[in-house]
Amino acid sequence: MQSYIGVFDSGVGGLAVVRELKNRLPREAVLYVADSMYFPYGTKPKEQVIRRATSIVDFLQGHGARIVVVACNTASSVIFPDIQETVEVPVLGMISAGVKSAQLATRNRRVAVLSTPGTAKSHGYLRAMGLLDPTVEMVELQSQELVNLIESGSINGKDVAEYAAEVLRPVIDFGADTLVLGCTHFPFLNSLMNDILGSSVKIVDPSKELAYEVALVLEKCKLTSRERSVDRFYTTGDPSDFLDKAHLFLGDYVEKVELASI
Ligand code: DGL
């Protein structure tokens, strides 16, 4: 059987994580599931997100994943640590990578995190930061609308810029010098957010730290791939629709999208 890094999200956001994984581990193949049929996770009840995430992790394991990356903050905020006890392969998520990167980046110890309502409601970031470094103050911001705009492919245009500026105003009001992109969709708006916030706020994408952690775990557990496999992309929604989106966000890199009945 082919062997992969299994990655999943509710939609296109996890592709930003795939991008970082491929930068750091170009020889490793990725098996990606976009749970497009059940997008968005950000406004769904916690129990439903846990059910979907558990089924997808099973699918990834059954299709040759030797490590699983939960490339979704909303799922990461509700399935850890329990998920690690139910599967045989290592499972890594976004939140601990996000707080670690923020702690390294902040100078004034005031950090904002922008996420879905589901992630904000779980207070997963607050808790994780409290455990890592209680001297860092954190404000949790949320916007499902911005996530939905990105998922629909609307990343340019005046409307998105105006809306993003409104959503980000509390970052400045709070005096944060660091913004954590607490939803994997947001790196696709990184340069717009940079323009809005200016150079006094550092934008942190947890996927970079996560890709580093994946490389460490593969090395430590002797799981680095011996043979070259080809990346595979699945969606629970419409494959041709997801292929168009993948082209928009990752370029021609994704050649084919298959249907996963999960
Ligand atoms: N990209 C996901 C996250 O990081 C979820 C977006 C959604 O489905 O609402 O939270």
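Just so you know, ligand 1 is whichever comes first in the structure, and atom 1 is the first atom listed for that ligand. The figures that follow rest on heavy atoms only: side chains count, while hydrogens, waters and symmetry mates do not.
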(message) One pair to check against salt bridge (charged side-chain N to carboxylate O under 4.0 Å, His left out): Lys158 and Glu162. What are the steps and the verdict?
(response) CA-CA 6 Å; Lys158 210 167 146 236; Glu162 281 173 7; 3.5 Å; yes
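In this structure, Gly175 and Asn108 approach most closely via the heavy-atom pair O-ND2, 2.9 Å.
Ranking protein heavy atoms by distance to atom 3 (C) of ligand 1, first place goes to Asn73 N, 3.3 Å. Looking only at heavy atoms of the protein, atom 2 (C) of ligand 1 is closest to Asp9 OD1, 3.2 Å. Looking only at heavy atoms of the protein, atom 10 (O) of ligand 1 is closest to Thr74 OG1, 2.6 Å.
The ligand atoms of ligand 1 that sit less than 4.0 angstrom from a heavy atom of Thr116 are 6 (C), 9 (O), 10 (O). The atoms of ligand 1 that sit less than 4.0 Å from any heavy atom of Tyr41 are 7 (C), 8 (O), 9 (O). Ligand 1 places these atoms under 4.0 Å from at least one heavy atom of Gly42: 7 (C), 8 (O), 9 (O). Below 4.0 Å from some heavy atom of Phe39 lie the following atoms of ligand 1, by number and element: 7 (C), 8 (O). Set against the non-hydrogen atoms of Ser10, the atoms of ligand 1 under 4.0 Å away are 5 (C), 6 (C), 7 (C), 8 (O).
A donor-acceptor pair under 3.5 Å links the side-chain atoms of Arg110 to the main chain of Phe174, judged by distance alone. Remark: the backbone N or O of Phe242 is not paired with any side-chain donor or acceptor of Thr235 at under 3.5 angstrom. Of the possible polar contacts, none joining the Thr106 side chain to the Gln103 backbone as a donor-acceptor pair under 3.5 Å is found.
For Glu255, the CD atom sits in a loose shell: 12 or fewer heavy atoms of surrounding residues, nucleotides or ligands are nearer than 6.0 Å. Around atom CZ of Phe80, more than 12 heavy atoms belonging to other residues, nucleotides or ligands sit under 6.0 Å away.
When non-hydrogen atoms are compared, ligand 1 lies under 4.0 Å from the side chain of Val147 (C-beta onward) but not from its backbone.
Two rings, from Phe59 and Tyr234, have their centers less than 6.0 Å apart.
In this structure, Gln144 is part of the shell of residues with a heavy atom less than 4.0 angstrom from ligand 1. The shortest heavy-atom distance from Gly11 to ligand 1 is not under 4.0 Å.
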